[in-house]
Amino acid sequence: MEEKYDPKIVEAKWQSCWDKSGLFKVSEESDKKKYYLLEMFPYPSGKIHMGHVRNYTIGDVVARYKRMQGFNVLHPMGWDAFGMPAENAAISNKTHPAIWTYQNIDYMRMQLKRMGFSYDWDREIATCRPEYYRWEQWLFLKMLERGNAYRKESFVNWCDSCQTVLANEQVEAGMCWRCGKPVRQKKLWQWFFKITDYAQDLLAHCDMLPGWPEKVTTMQKNWIGKSIGAQISFPVENMDENIPVFTTRQDTVFGATFMCLAPEHPLVIRLSKGTGEEKNVLEFVERISLQERSNRAIENYEKEGVFTGAWCINPVNERRMPIYTANFALMEYGTGAVMSVPAHDQRDFDFAKKYDMEIVVVVKPDDSDLDPATMTEAYTGDGIMINSGQFNGIDNRRALDDIAAFLEEKGIGKKTVSFRLRDWGISRQRYWGAPIPVVHCDICGIVPVNEKDLPILLPEDAALLEGGQSPLPLLDYFTKTKCPGCGREDARRETDTMDTFVESSWYFERYCSPKFEDGLFDKKAVDYWMPVDQYIGGVEHAILHLLYSRYFTRVLKDLGLVEYKEPFTRLLTQGMVCKETVSCPEHGYLFPEEAEGEAEDRTCKKCGKEVLIGRVEKMSKSKRNVIDPNYLLDKYGADTTRLFCLFAAPPERDLEWNEQGVEGGYRFLTRVWRLVRAHMDVIRDAGSFCGEPGQLKGDLRELYKKTHHTICRVTNDIEERFHFNTAISAVMELVNMMYGIELKKDVKEEADVVRFAIESIVLLLSPIVPHFSEEIWGSLGYESSVLLAPWPVYRKDALVKDDILIVVQVNGKLRSKFSVSPDSGDDTIKERALSDDNVKKFINNKQVKKVIVVKRKLVNIVT
RNA sequence: GCCUGGGUGGCGGAAUAGGUAGACGCAAGGGACUUAAAAUCCCUCGGUCCUUAGUGGCUGUGCGAGUUCAAUUCUCGCCCUAGGCACCA
C-alpha cells in the first residue's frame, strides 16, 4: 500500500489481475443459489456516456454484493448492435456500418473494463453477428408457422424528394430531417408480430409483477389500453352493407345522430359514389392522408369532416343518420367507425355544432333537465336514461350490460373488448438489420426459407446509398434466389430487415449459453439462469422494450422452449443523469469546458461574451451539457466516479452532475486510505475482533458497536432498496468516528477491534469501489480477492444501545431530553420527565391531563 | 385534458407501521498547521428573537383546511414541477 492513493496505479493493477485470474467467469455448475443480474445492453454508438456509467455502476454493485452474499451471479454484457446510427455514420464518414460498429464495440468494451465492472466477458454477444441473428431468423420462421408473424399493408413515413422511408425520429414536425420537405404516408406491405393476441395476458400480468415499479406497470397498462364496450352494427340505407362501430357508451346509442368513418375506411369512397359528394370526399381523403402525421405534432388539431352523401340507420330507433368521414376517426382503433352522440361526448358535440347536426339527450342528471338548444357542452356525467325506449328511467351505468344483452338478442351487436395496443410492425426498409428470412415467388407467394439455409446473411460488403435508402433491393446476388417451395429460379428474397427491438427481446436468454450452436439457447442453461432476478435500465424503455420482451417470452413459452412467462422478476429503472446547459449568444450551446469562470459569471472561451446558464436537463449531445466519462477516469479514476454516481442520489431519481461533489467523493477515499495507513502498524498482525460488546469498554466499545450498526445499515440499504447513498453515508459516519477516537495502545483488544472496523469498512465499500478495496484488502495480508470474502454479518447483541435517549414534549413541543438505561420502566421515565426543570416551567402548575409514554422514545405531557 | 411520480437549508439529499426535522456530503464562514499556498485537521452553519446567550423562546418540510396528545409522514382541496399518454370512440 503506497503512501498516497493513486487511482491510476491501483485500478490498472487490479483490472489486469481480475482479467488474468478470470475472477468474473461463472457457470451453471455450482452448489450456490443462482442470481441473474442484468443491465440493459448498450447501443454501440461510439463511446459510453454518463447514463451508461450510472446504470452499469448500480448493476455492478448489486452483482458484487450478491456474490459476496454467496450467490452464483450471472452478470453479462453485450451489444445491441444493429440500427440506424451505423448507417448514418456510414454515409457521413464513408465507413461501412459493420466496421464502424465493431470499432465502437472495441472502444466501448475497453471503457467498460476501465470502469472495473465485473462482467463475464466470455459471454459477450453482438446482435449483428450471424451467430446471433440466425436464431432470431429461426424464431421468426416458427412465429410465421404459428401465425404470430404476418404481413399486411400499412403506412410508412415517406419522403418523395429523398425517395426513402423515414423512421419516426427522422420526421421533424412533419418534415424530412435531411431535406426539410414534407413527409407523406405511403402504403407498403410489411411484417407484423401479432402481439395483440397476448394483450389480455400481458395486461393481466402487470398486476403480478411485484418487483416492478408501479410507474412502469401503469404505463404498460395504459399502453395496452383495454376498453370494455360493445360493437354495434349500423345498416347503410339502400345498400346491403353494415357498418360496425365500437363504443364504450352503448348506454347512449339512442342518442347517436350521425356516424363518422376514418378517411382510410374502405367504405368511404364507395359510399360517396354517385351521391354528388364524391369529389368533395376524394379531395378530403387525399388532403388528410397528406397531412396526417405532420399535423399530429401540432396541438389542437382542428376537427373536420365531410358528408359522404350516404345515410345509415340507427338500429335501436330507426333514426336516419348522415355518414361523415372525419379526420379524428382512426382506422387503427376499434372498427375505424364512430357512432357520434353529440349530447354526451365533447368531441361529437363540437362536431355537431360545427356542421349543424341534431343533438338528442339520452342521459340526464338526477336533479335537472338538459335542453339541447341551450347546452354549451356535452354532458358526460352519469344519470337517468331518457328518450331510450324501454330503458327510460334506468341508471345509465347499470344499463350498460342490459343494453349489450339487448343488442346481442336482436342480432345487432354484442359486448366487446377493445385494446389500444396495436400489432408490432417489425419491417424496416433498412440495411443494417437482421434480414427477414422469406422469399417472394410469383407462383407460391410468400415462402419461408428452409431452416437449413439459415442464417440468411446480411451482405456485409454492400455500399450505402447517399439518401439513406437500403441498398439490399439493388443487390442481385442477395435478392435473386431459388424458391424454396417450387424451385423456380426467379424468386426474390425479402429485403426488409427486422426492427432492432426484436434482437433485444431475447438477448437475456442468449447470455445463458452465448455460444450455443444448435438453437436459440441451451435449454439447460436457460432453465438454470432464467428468469432475470434483477433487471436495471433507463425508464425510457418502460414500454416498448419491456413489453416486447414480455411478449417474446410468452411466445417462447408457447413454443415449449422456456418454462416461465415473465422474463424479469425485479426491475429497477434508474433516473437520468442531468446537467445545466450553457449557451453563448453567439456560439449557441457550449460544452462545459468551453466556458470559463464560476457559477453564474461564466464567459465563452471563444468570444468572451457572458454565457446563459439554462435549466438542468438530461445530458445530451445536442445540448452539449455532457461530461465525458474518459475525463473523469483520467482525473479521478473509476472508483471515485462510481462512488459519486451512487452517493449523489438514490438510483431511481434523476442525478444532477456536479464536479464539486466528485471532489468530495475523492476526498472521502483518500481519507479512508490515510486512516488505514495510520493504523497499519497496529493492525497488521492483529486478528479481527468478534467477541461480545460486553468485553469492551469506553470508546472501543462504542467503535465496536458502531461498526456492527454500520454493517446492519449498509446491508439493509443495499438489500432492501438499493439506496447506496445512505449506505455510503453510514460508512462515512464510521470513518468520522474513527478519526475522532484516540487510541491508547494499552488495551489488549484494541488492535483487534480497530482491525475489525477497518476490515468492515473495506468489505462494505468493496462493491462500490472495488479496486480501492482490493488494494487495502491485499495490504491487510489477504491473498485472494475481496470479492471472494463473505459479506460481513452483524451481531444483534451489538445493536443494543447502552442507554437510550428519551425526548420530552409538553403539548407536543420538544422541551427536554435525557438518557436512561434501556431497562428503565415507563414509570421511572415518566417521573424523570415530570421533574425536569424546563418541563416544569412549561407545565407551569397547570393540571396535567394526560401523559403519553412511547416506549424507549418519548414522553408527551398534555396539560 | 387524463394517468403517474416529485416539491424538505445556499445546493445534492437524510428521516415515513405518525414520535428529536435537516443524517451524510457539497458550498460558505472562522480557526490550527505553513515563510506562503495547496493538502490536511478542528469549529460554526434553516430563519428569527432575547436586560437571563440557554439543555432558551418563536417559527419552519409548496399553499390552505382536517384527523391526532403528536403530522415532512395520514385525509380532503389547491398551486408548481418532471415524466408518460393524448382526437382511443
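Protein chains get the first letters and strands the later ones, always in sequence-line order, with residue 1 at the start of each.
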Of A:Asn725 and A:Ala337, whose closest RNA chain B nucleotide lies nearer the 5' terminus? A:Asn725

Nearest heavy atom decides the nucleotide; on that basis, is A:Thr335 or A:Pro650 closer to the 5' end of RNA chain B?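 Its nearest nucleotide lies further toward 5', so the answer is A:Pro650.
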
Quick one, give me the B/S/- string for nucleotides 28-33 of chain B, reading 5' to 3', where B means a protein heavy atom under 4.0 Å from the base and S means that only happens at the primed atoms, P, OP1 or OP2. ------

If you look at every strand shown and take non-hydrogen atoms under 4.0 Å, does [X] touch a base, only sugar-phosphate, or nothing?
X: A:Lys849; answer: nothing
X: A:Ala329; answer: base
X: A:Glu733; answer: sugar-phosphate
X: A:Asp836; answer: nothing
X: A:Gly664; answer: sugar-phosphate

The side chain of A:Ser227 lies closest to which of these nucleotides: B:rU40, B:rG12, B:rA89? B:rA89

So, under a plain 3.5 Å distance rule, would you say the side chain of A:Lys817 forms a donor-acceptor pair with the base of B:rU20? yes

If one requires at least 3 consecutive Watson-Crick or G-U pairs with distances under 3.5 Å, the stems of RNA chain B turn out to be B:1-7 with B:79-85, B:10-12 with B:24-26, B:28-32 with B:40-44, B:46-49 with B:56-59, B:62-66 with B:74-78

Should the pair A:Asp6-A:Lys4 be classified as a salt bridge under the 4.0 Å nitrogen-to-oxygen rule? no

Rounded [atom1] spacing from [N] to [M] in Å:
N: B:rA65; M: B:rU51; atom1: P; value: 33 Å
N: B:rG18; M: B:rG13; atom1: C1'; value: 22 Å
N: B:rG10; M: B:rG1; atom1: C1'; value: 38 Å

Report the distance from atom CZ of A:Phe842 to atom P of B:rC58, rounded to the nearest whole Å. 5 Å

